[in-house]
Amino acid sequence: MRKLLLIEDEPNFARFLELELEHEGFDVTAEHDGRTGFELASEKEWDMILLDLMLPGLSGIEICRRLRGQKIKTPIIMLTARNSVMDRVTGLDSGADDYIPKPFEIEELFARMRALFRRVDEDEDSNDDTIEFQDLHVDLPSRTVIRNGEEISFTKREYDLLIVLLRNANNVLSRDRLLDLVWGFDSGAETNVVDVYIRYVRQKLGDGDQYIQTVRGVGYVMKG
């Protein structure tokens, strides 16, 4: 049975989610305060964390940052009523794996959880420790990217996007497909988030267009 930590400060909504998740067969622990939630998240083993953005004591953004700073890789889905592109970018940059705005249908949350569990399981099943592409060298266990002998620092989301592009080198990926593979989003309305992160990755790579090419009207391709 997968163990979930739910950190949500609205009691009625938290109880609703807890009951629905337990009905789906999850072992759920619910916490309503940010600081206590962070302590639970960092001290115990969880299969996934569902995290509200606005919390008393410690915000969801700060919880994410602290957990990732401790190298805790537990999958995190952020739940929030704030729905602008920059809010999403901030949440994902802090280390969240997905972001779902309130209100949402419970079936959508379950679908996003299944997609994230699939990606985690696929990563664990992969036996490849390195990726070589042009002058890029990626060490997957340490999540290290080297170009011409120099390490490039990426946020978690930037790194995940780069890895998806590398693993699909020379195959054009649409924005919707990238959302599904990297964020778990299914809605084409959010595709501008992909463009933002493509720009970030290109900037980090330096001569970004050498690696990631835009296919107008379609998406992006890592061309080699």
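The only member of L161, V145, I163 that meets side chain to side chain contact (heavy atoms under 4.5 Å, CB included) when paired with F154 is V145.
Atoms CG and CZ, on L109 and R114 in that order, are 9.5 Å from each other to the nearest 0.5 Å. Rounding to the nearest 0.5 angstrom, the gap separating the CG atom in D139 from the OG1 atom in T144 is 5.5 Å. Expressed to the nearest 0.5 Å, how far CE of M113 lies from CZ of R118 amounts to 12.5 Å. Between the CD1 atom of I7 and the CD1 atom of I76 there is a distance of 8.0 Å, given to the nearest 0.5 Å. The line from CG of L136 to CG of L205 is 6.0 Å long, rounded to the nearest 0.5 Å. Here the CD1-CG distance, from I198 to L178, works out to 6.0 Å after rounding to the nearest 0.5 Å.
Summarising the geometry of H32 relative to P11, their closest heavy-atom pair is CE1-CA, 4.4 Å, with the distance given to 0.1 Å. Closest heavy-atom contact between D52 and M54: OD2-O, 2.9 Å.
Residues S42 and Q70 form a side-chain contact, since some pair of their non-hydrogen atoms from C-beta on lies under 4.5 Å apart. Between R175 and D195 there is a side-chain heavy-atom pair separated by less than 4.5 Å. I100 is not listed as a side-chain neighbour of M78, based on a closest heavy-atom distance of 4.5 Å or more. For the pair I212/V201, a side-chain contact is recorded, criterion being any heavy-atom separation below 4.5 Å from C-beta on. With contacts defined as side-chain heavy-atom distances shorter than 4.5 Å, the pair M48/R2 does not qualify. The shortest distance between side-chain heavy atoms of L50 and L5 does not fall below 4.5 Å. Between L79 and L17, the closest side-chain pair of non-hydrogen atoms falls below 4.5 Å.
Under a hydrophobic-cluster definition in which Ile, Leu, Val, Met, Phe, Trp and Tyr are linked whenever side-chain heavy atoms come within less than 4.5 Å, directly or via other members, V28 and F110 are assigned to the same cluster. Hydrophobic cluster membership differs between I152 and I146, with clusters built from Ile, Leu, Val, Met, Phe, Trp and Tyr side chains linked at under 4.5 angstrom. One hydrophobic cluster, built from ILVMFWY side chains closer than 4.5 Å, holds both L40 and L53. Hydrophobic clustering places L179 together with L166 (ILVMFWY residues linked when any side-chain heavy atoms are closer than 4.5 Å, directly or through intermediates). When hydrophobic clusters are built by joining Ile, Leu, Val, Met, Phe, Trp and Tyr residues whose side-chain heavy atoms come closer than 4.5 Å, directly or via intermediates, F16 is not grouped with L19.
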Just do the ring-ring contact (aromatic ring centres under 6.0 Å, His included) check on F104 and F13 with the steps written out, would you? CA-CA 11 Å; F104 53 81; F13 184 59; 5.8 Å; yes

Intermediate values then yes/no, side chain to side chain contact (heavy atoms under 4.5 Å, CB included), T29 and L6: CA-CA 6 Å; T29 298; L6 169 64; over 6 Å; no

With side chain to side chain contact (heavy atoms under 4.5 Å, CB included) as the criterion, how do L4 and I49 come out once you've worked through the C-alpha distance, each side chain's angles and the decisive distance to 0.1 Å? CA-CA 6 Å; L4 303 184; I49 298 171; over 6 Å; no

Could you walk me through whether V172 and V215 pass side chain to side chain contact (heavy atoms under 4.5 Å, CB included), step by step? CA-CA 7 Å; V172 179; V215 181; 3.8 Å; yes

Verdict with reasoning, M222 to N170, per side chain to side chain contact (heavy atoms under 4.5 Å, CB included): CA-CA 6 Å; M222 184 73 80; N170 299 311; over 6 Å; no

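Under the 3.5 Å distance criterion, the side-chain polar atoms of R157 are matched with a main-chain donor or acceptor of A96. At distances below 3.5 Å, not a single donor-acceptor pair connects side-chain atoms of T36 with backbone N or O atoms of D33. Panel note: side chain Q134, backbone K223; a donor-acceptor pair is recorded below 3.5 Å. Formation of a donor-acceptor pair under 3.5 Å by the W46 side chain with backbone atoms of P75 is not found in this model.
Salt bridge D160/K156: present, at least one basic N to carboxylate O contact under 4.0 Å. By the 4.0 Å N-to-carboxylate-O rule, D47 lies too far from K3 to be salt-bridged with it. The residues R112 and E108 are annotated as salt-bridged, a charged nitrogen and a carboxylate oxygen being separated by less than 4.0 angstrom.
Residue pairs meeting the salt bridge (Lys or Arg N to Asp or Glu O under 4.0 Å) criterion with at least one member in residues 5-19, sequence neighbours excluded: E8-K102, R15-E18.
For E45, the CD atom counts as loosely surrounded, since its 6.0 Å shell holds 12 or fewer non-hydrogen atoms of other residues, nucleotides or ligands. When the shell of 6.0 Å around CD of E132 is examined, it contains more than 12 heavy atoms from other residues, nucleotides or ligands.
Using modelled atom types and a 3.5 Å distance limit, the side chains of Y197 and D93 yield a donor-acceptor pair. Under the 3.5 Å distance criterion, with hydrogens and angles disregarded, no donor-acceptor pair is assigned to the side chains of Y220 and N168.
Remark: R202 fails to qualify as a cation-pi partner of Y211 under the 6.0 Å distance and 45° angle criteria applied to the six-membered ring.
Under the rule for a side-chain hydrogen bond (donor to acceptor under 3.5 Å, both in side chains), D27 has no partner lying at least two apart in sequence or in another chain.
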Determine all donor-acceptor pairs shorter than 3.5 Å in which one atom belongs to a side chain in residues 55-69; sequence neighbours excluded.
from, atom 1, to, atom 2, distance (Å)
S59, OG, E62, N, 3.1
E62, OE2, R66, NE, 3.0
R68, NE, G95, O, 2.9
R68, NH1, I72, O, 2.7
R68, NH1, T74, O, 2.9
R68, NH2, T74, O, 3.0
R68, NH2, G95, O, 3.0
R68, NH2, D97, OD2, 2.9

